[in-house]
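Shown next, in structure tokens, is the structure this report addresses.
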Amino acid sequence: MAISAEAGLSPVQAFALVGVVGVGAQWLAWRFRLPGIVMMLIAGLALGPFTGIFVPSRDIGALTGPMISLAVAVILFEGGLTLNFKQLEDAGPGVRRLVVIGAPLGWLLSSLALIFIAGLSWETSVVFGGVMIVTGPTVIAPLLRAAKLHNRPAQLLQWEAIVNDAVGALVGVVAFVVVMVIQQQQSVASAIWTIIWGISFAALVGFGAALLVVNVFRRSLVPEYMKVPLLFVLVLAVFAVSDAVLHESGLLAVTVMGLIIANANLPSYTEIYRFKEQATTLLLSGVFILLAANVQLETLDLLNWRSALFIFSVILLVRPLTVLLSLAGTSIPMNERLLVAFTGPRGVVLLAISGIFAQRLVAEGVADGAVLQPLAFVLVLTTVVLHGFTLKPLAQKLGLTSSETPGMIIVGGSSFTTGLAQALENAGVQVLVTDPNRGQLRSARAAGVHTYYGDILSESADHGVEFISYSTIFAASDNDAYNTLVTTDLAPEFGRNAIWQISRVKEDQARHALPNQLGGQGVNGGRTLAQYLELLADGWIFRATRLTEEYTLEDWQAAREGAIPLAVVQDGSVRFVGRDEELTGKPGMRIVSMMPPELAEKIRREAEESSKQREQAKAEAKAVRKGDGEGSQPDEEESASDGNGGKSPRELPG
């Protein structure tokens, strides 16, 4: 129906608004450390049903459904690209159980809950129960990124979500076909043939498209700049062709396509995946804004107290029983089983497919099929909000996430990196020193520093190193080219503000300078590894110093003239001091620095004198208390003061 300009937005305005609000919601979520999905749903509800500024069915019209379907197809394809079998070694048995046992068990338990708790008809229950197998990769991925889970539980949740998304959609189709056969008294043989043919066709189309991509890319039949556009076009084509044979089978086709490409070991896979990840972020924000903005509040009147009881039973009974029974008898620790059992957010696929099946069930004479759409929305909203705020605390309680302690990976073993690692650890930083040469790690191992022998860029490091425990990378090996490679490769994953590199030889000369896109940030002082090793040979030492209200940065600079500040630990994070950076500090901040031998000797003498004064003061205080008959009281907490106006730092040796 045509509307006047005053009644709504033009399609161009609507598309622009969706993009700005979607990306803006994700930025706000990142800025204030809130679940991104929750912010997008709130933004969509605020734009649509609450204010009426943007209503997709009014402002975009019939394009809303196809846009959501195509976006979901691209999102699922990107999810398939993450399913690398080499990364599944630890989680493989659990994933198989969750798919082979968990999917049918979840279908059964969800259908029973819909019949006996929600009070729906068996026709509606078996269809929606099948769709409820999905756990939403569009929701799981952002939650995992925020929660920083350990590798195995993260793989369990990610693989289950992506694989079962396609499985759940197909199960819903199978259930709907069964309902149609009974309602319309169609031929059972015809229905079975339709399902088998549709699923087989989808798998073949996805597999064939993936093989085409792999062969074309390996033979360099497509230039680099056309690889991503070609993938986009093929994904949309595969989804459309497969969906034309059997509704929702396109989800299976694009998932298979992504899975095959992910395991083909293509040279350009990393670049393709990173671009796809960024595109998926845009699509994900758009889809959630569209779905939330298109909600009609009046349809929520179809729900009642039984609907609420059903949603709570799904979260507290159906999901935990499905996971715990599926994983029974496996070697997966109980804390990981419990985390997966109580983490089951639903997402875009459930909303999109439920809306389609709701319309078809009502058309087939199943009246309560209209309940599916509002029930699905409330289920998605409840699980997204609940798991968005509870996943990280639950994972921390179960010991399955990185601690709040800042972490740093130092690439390259040497006496310099060993001394730096010790000083950082004394400042409360978790450090891992890596090197592909075992001999280079000898000093770090002797000092008790955690090490990893191997290439940090290898596939082995992907599942051998808990990258989530570290937020900062410092490349300081004796190979400048390798340092540049490491920092350039890891920058998109960690963020360029968290990537640092020791100075390269002759980097200040024009012919040796590199563009800003390559390498990491420079560290204060601009010294090469050889120059730092020379300082250590001359007697320089590492120190970690804590600032207090009394001992400020100005005091440190005045007392430690000649020291080189290298890194600061503050507010649960660690970073290096940049080149020519003017250092600022506040109480509680720790400064990791290198000090010349004469300054180190001065500090040692000051520390000894301060220690003697404290011991003397404690002895005098103890004597006074004993004379007063209060010898049983505990000593006062040891002060960091050295008797010089309360301005003594807390020095921690490197």
Side-chain angles (χ1 to χ4, degrees), residues 35 79 82-113 129 132-137 139-168 171 311-347 350 379 382-403 462-464 466-469:
T82 66
L83 302 181
N84 192 310
F85 290 123
K86 293 179 181 178
Q87 299 176 353
L88 193 63
E89 293 179 2
D90 292 337
V95 171
R96 285 193 294 271
R97 290 285 196 97
L98 290 174
V99 174
V100 177
I101 300 176
L105 185 59
W107 183 13
L108 174 62
L109 294 177
S110 298
S111 300
L112 292 176
M132 281 179 59
I133 291 173
V134 305
T135 54
V139 181
I140 285 291
L143 292 184
L144 295 179
R145 194 179 300 118
K148 297 183 178 180
L149 289 184
H150 287 173
N151 284 341
R152 183 163 55 192
Q155 289 290 331
L156 280 171
L157 288 168
Q158 189 174 37
W159 274 77
E160 180 206 15
I162 296 172
V163 176
N164 276 355
D165 239 33
V167 172
V171 167
I311 289 173
F312 284 111
S313 70
V314 169
I315 297 171
L316 300 176
L317 290 176
V318 174
R319 172 66 179 176
L321 278 176
T322 299
V323 173
L324 294 177
L325 290 175
S326 300
L327 298 181
T330 64
S331 60
I332 298 174
M334 182 54 67
N335 60 341
E336 296 184 13
R337 298 188 206 180
L338 290 174
L339 180 69
V340 176
F342 287 96
T343 306
R346 269 61 178 185
L350 180 68
L379 178 62
T382 303
T383 55
V384 163
V385 172
L386 176 66
H387 298 302
F389 285 104
T390 61
L391 177 58
K392 186 172 183 177
L394 178 61
Q396 289 175 337
K397 188 75 174 177
L398 295 172
L400 295 174
T401 186
S402 61
S403 64
D462 285 340
H463 55 80
E466 290 284 358
F467 282 96
I468 59 169
S469 299

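What's counted below: heavy atoms across the whole structure, side chains too, no hydrogens, waters or symmetry copies. Since this is a predicted model, take the numbers as computed values, not measurements.
Taking 4.5 Å as the limit, some side-chain heavy atom of Leu400 sits within range of a side-chain heavy atom of Glu336.
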* Going through the distances and angles, do Met132 and Leu379 end up as a side-chain contact (heavy atoms from CB on, under 4.5 Å)? -> CA-CA 10 Å; Met132 281 179 59; Leu379 178 62; 4.1 Å; yes
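Contact between Trp107 and Gly129 at its shortest, heavy atoms only, is CD1-C, 3.4 Å. Closest approach of Ser110 and Val318 over heavy atoms only: OG-CG1, 3.6 Å. Nearest approach of Val134 to Arg346, heavy atoms of both residues: O-NE, 3.3 Å. The two residues Pro153 and Leu339 make their nearest non-hydrogen contact at CB-CD2, 4.0 Å. Between Thr135 and Arg319, the shortest heavy-atom contact is CG2-NH1, 3.6 Å.
In this structure, CG in Leu98 is found 11.0 Å from CZ in Arg96, a value given to the nearest 0.5 Å. Here the CG atom belonging to Leu317 is positioned 9.5 Å from the CG atom belonging to Leu109, to the nearest 0.5 angstrom. Atoms OG1 and CD, on Thr343 and Glu160 in that order, are 10.0 Å from each other to the nearest 0.5 Å. Rounding to the nearest 0.5 Å gives a distance of 11.0 Å between CD1 of Ile133 and CG of Leu350.
For Phe312, the CZ atom sits in a loose shell: 12 or fewer heavy atoms of surrounding residues, nucleotides or ligands are nearer than 6.0 Å.
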Which side-chain N or O atoms in residues 324-332 pair as donor and acceptor under 3.5 Å with protein atoms at least two apart or in another chain?
residue, atom, partner, partner atom, Å
Ser326, OG, Gly102, N, 3.3
Ser326, OG, Thr322, O, 2.6
Thr330, OG1, Leu327, O, 2.7

